[in-house]
Amino acid sequence: MSRDSKSGEWEGNDALKTWVSDRLLALQGFSTPEFVEYAIGLAKQATSAADVVGKLEEYGFALSDDLHLFAEEIFSKVPWKVSPRKQKTYDNEDGTGNGLGKAMLEDQIEFIKESMLKVDDEMSIESPEISKAKSELETLHEDRRTLPIYAHRDSLLKAIEEHQVLVIVGETGSGKTTQIPQYLHEAGYTKRGKVACTQPRRVAAMSVAARVSQEMDVKLGHEVGYSIRFEDCTSEKTVLKYMTDGKLLRELLGEPDLASYSVIMVDEAHERAVSTDVLFGLLKDIARFRKDIKILISSATPDASKFSDFFDCAPIYRIPGRRYPVEIQYTKAPVADYLDAAIVTVLQVHLTQSPGDILVFLTGQEEIESAEEILKHKINGFVSEIPELVICKIFSNLPTELQAKIFQPIPIGSRKVVLATNIAEASLTIDGINYVIDPGLCKMESYNPRTGMESLQVTSISKASAAQRAGRSGRTGPGKCFRLYTADSYKTKLDDNTPPGIQRTNLTSVVLSLKSLGIQNLLNFDFMDPPSNESLLKALELLFALGALNKVGEVTKVGRQMAEFPLDPMLSKMIVASDKYRCSDEVISIAAMLSVGNSIFYHPKDEQVHADHARMSFHTGNVGDHIALMNVYNSWRETNYSTQWCYENYVQVRSMRSARDIRDQLEGLLERVEIELTGCPNDLQAIKKAITSGFFSHSARLQNYGSYRTVKHPRIVHIHPSSGLADNFPRWVVYQEVVLTTKEYMRNVTELKPEWLVEIAPHYYQMKDVEDA
DNA sequence: GAGCACTGC
């Protein structure tokens, strides 16, 4: 079966395609269907052969006589010059994309009215004494019936029965996540197969499963279970399975038609996580040949037409939520200093507004810490007595024990202010918030496929995000949201939605997964919002260089081995290569440490000297950052994974535990791909060669004045000051990544011998690349 | 001589 939904498009042009493919093979050594289509597409849109050359050069092809010739030939061979991009059109007479019957709509509207009234009643009905008297289970069942979704049970089931794909819009508090899978179970869907409900986050999958197992009065892991990385709490009995969407993607690699499932419910679809978006495309395809499977797309955004359009006009079913009104205030004029404005607003709310806690959205750790200091200082400066203000902070890198503080009760008569990053927008919910202060900014990652460079920059949030932030104040009562920008800039400067993750990330790993699933032409893959062609082609190019794809774009044996590892392909390649150098034991530790990210070392502001000293102790002998990370892991392991050791060495214990989990998983996977676990503790060269096998495309050589030039696509870069080699200036290095902050910095650097590049990647480097100029 | 939001397999 072919997954190329539009593969018929070029039929009849096979001769042209073959010709283009051959020429591309000659030009760049490999040629996948994507590159063929890309080149033909360029020629179609180009106005001249020179135009084709320009575009190809812009992509990264080296200028040469061959390239010019190719451009001229393809320009003359492509027979037609067209064509406005094909637009998807749908018959959509009423313009709502809603195929539900009128009666059903009315039924919904009626219920929305009812449930709005109910919200007020509910709060006052039950006294604590009464609820105590009831059995816990009875209360649970009663709770189920008071959820907004309850009255929709039958019409919802009917809609699911009648349509293969249904988009469900359920506001927060509607009960969709816990109830719909139970309704499906009660209606008999689980007799045909499991019901999966995917979540973007691990904790959500776990906690929802726990809740549902209580409601159904079964043991967690029996009929109701969850499955997340490192933890599969399911059994043969399991019929309702909550899981992370990434986990379902992994399962898809082993079971491409999801035969053991009868319903897939993709929850929190509006978040548009990379794995959710990939799932959309795959599920749409599965639904085509598995008419018995039901797909539910559940989103909390009112505008679900995009989901509906994508799934061929799937009907939209709306379930009301339970929310309180939120009053939104804008500033009259733009603020000069939003941090200052946020602090002033906190104090104003504290002094003038009725009780209720405050949530402030800031961009990062440093900002939060300085806001905390300023706020403390200002409060101490008040001459007269004011009610106590308890300052709490939360961001993901904050040690767990300090994170817990935001949930602790505070003295009566005092008020809590929580200074938070985006973590409080969706990932965690704090009760008792009545006021939100929103400067309208966040840090967002962007990825430039041309340079392969990531950068993290402060940018304006979207309208959707602003709404989500405001909503955080109206969960337990009416709320207020103070936006530190003008109503006009809200209207004109904020985008409607945050660009989906898939358009902001390095796609190498996604591309390898999709290729492993047998998708032949990724430019035709049905993405809801396609990533740029360039970003897909760069990913293919890298996978070819790594040996994961052959020269016509098919997955190789190495590629299949790599795809088994839940890692960035360069890390997977490093592991696969470690077999040859007999050092897989060391290399999986390094891969685990690298894949944890940059939160291994702990750098408190006031103990920098000690922290730096501790960090450098792992770099003895200028071994490079990769080996240093291995030293950290091994030292920790030698202390029997001691927490105390972590504190003494300024190492974050949470990150180390996560590295251990990943390492254990990788060790298990070695066997699956038939790589022996072998160690060579004293042969650093072997380890470095394995690293080079994964990261050869990230090589750089020393220039004057301590700067470096990357070898393949020349750019000037620098060693990040946190690197152990920052003062060492080795002549040749490989690096894990380049990040753009104040300069272009290479992170995680290791020295190498230039001849290794030619030895390890002869298809990528020639002697002339590494000889002295 | 810097400073990094949030997820996930």
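Here is how names work: the chains are called A, B, and so on, in the same order as the sequence lines, proteins then strands, and each is numbered from 1. Just the heavy atoms: all of them, side chains too, but no hydrogens, waters or symmetry mates, feed the values below. Note that this is a predicted model, so its numbers are computed, not measured.
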*Whole angstrom is fine here: how far is it from CG in A/Leu279 over to P in B/dG8?*
15 Å

*Base, sugar-phosphate, or nothing: which does A/Arg747 touch, judged by heavy atoms less than 4.0 Å apart?*
base

*How close or far is atom P of B/dC6 from atom CD1 of A/Ile502, stated in whole angstroms?*
22 Å

*asked:* Once you apply a heavy-atom cut-off of 4.0 Å, does A/Leu456 come out as touching a base, just sugar-phosphate, or nothing?
replied: base

*Return no unless some side-chain N or O of A/Thr421 is found under 4.0 Å from OP1 or OP2 of B/dC6.*
yes

*May I ask you to say what A/Arg201 touches in the nucleic acid, namely base, sugar-phosphate or nothing, with a heavy-atom cut-off under 4.0 Å?*
sugar-phosphate

*Which of the following nucleotides, B/dA5, B/dG3, B/dC9, is nearest to the side chain of A/Arg202?*
B/dC9

_Less than 6.0 angstrom from the centroid, inside 45 degrees of the normal: does A/Lys493 satisfy that with respect to the ring of A/Tyr485?_
no

*Any side-chain heavy atom of A/Leu702 sitting closer than 4.5 Å to one from A/Arg709?*
no

*Return the value, rounded to whole Å, for the distance between atom CZ of A/Phe395 and atom P of B/dT7.*
13 Å

*asked:* Could you tell me how far apart A/Leu740 (CG) and B/dA5 (C1') are, to the nearest whole angstrom?
replied: 16 Å

*A/Thr741 has a side chain; which of B/dA5, B/dC9, B/dA2 sits nearest to it?*
B/dA2

*In terms of heavy-atom contacts, does OH of A/Tyr705 have more than 12 from other residues, nucleotides or ligands at under 6.0 Å?*
no

*Quickly work out the A/Leu512 CG to B/dC9 C1' distance and round it to whole Å.*
13 Å

*Which residue, A/Val739 or A/Asp727, contacts DNA chain B at a nucleotide closer to its 5' end, judged by nearest heavy atom?*
A/Asp727

*Reckon A/Ser722 has a side-chain N or O less than 4.0 Å from the OP1 or OP2 of B/dG3?*
no

*asked:* Looking only at side-chain N and O atoms, does A/Ser465 offer a donor or acceptor that is under 3.5 Å from a partner on A/Thr498?
replied: no

*Residue met sooner reading DNA chain B from 5', once A/Phe230 and A/His720 are mapped to nucleotides*: A/His720

*How many Å lie between CD on A/Gln457 and P on B/dG3, as a whole number?*
12 Å

*Remember a base hit wins even if backbone is also touched, and classify A/Ser427 as base, sugar-phosphate or nothing at under 4.0 Å, heavy atoms.*
sugar-phosphate

*asked:* So, applying salt bridge (charged side-chain N to carboxylate O under 4.0 Å, His left out) with A/Glu564, which one of A/Arg250, A/Arg672, A/Lys557 is it?
replied: A/Arg672

*For A/Met746 and B/dA2, what is the distance between atoms CE and P respectively, to the nearest whole Å?*
15 Å

*B/dC9 OP1/OP2 closer than 4.0 Å to side-chain N/O of A/Thr244*: yes

*Determine the contact category for A/Ile228: base if any of its heavy atoms lies under 4.0 Å from a base atom, sugar-phosphate if only primed atoms, P, OP1 or OP2 are that close, otherwise nothing.*
sugar-phosphate

*Compare side-chain N and O positions of A/Ser396 against OP1 and OP2 of B/dC6 and report whether any pair is under 4.0 Å apart.*
yes

*Among all residues two or more places apart in sequence or in another chain, which pass the salt bridge (charged side-chain N to carboxylate O under 4.0 Å, His left out) test with A/Glu268?*
none

*Classify the nucleic acid contact of A/Tyr745 as base, sugar-phosphate or nothing, counting any heavy atom under 4.0 Å across all strands shown.*
sugar-phosphate

_It should be established whether A/Arg250 places a side-chain nitrogen or oxygen under 4.0 Å from OP1 or OP2 of nucleotide B/dG8._
no

_What's A/Gln665 touching, base or sugar-phosphate or nothing? Going by heavy atoms closer than 4.0 Å._
nothing

*With a 4.0 Å cut-off on heavy atoms, is A/Asp612 in touch with a base, just the backbone sugar-phosphate, or nothing at all?*
base

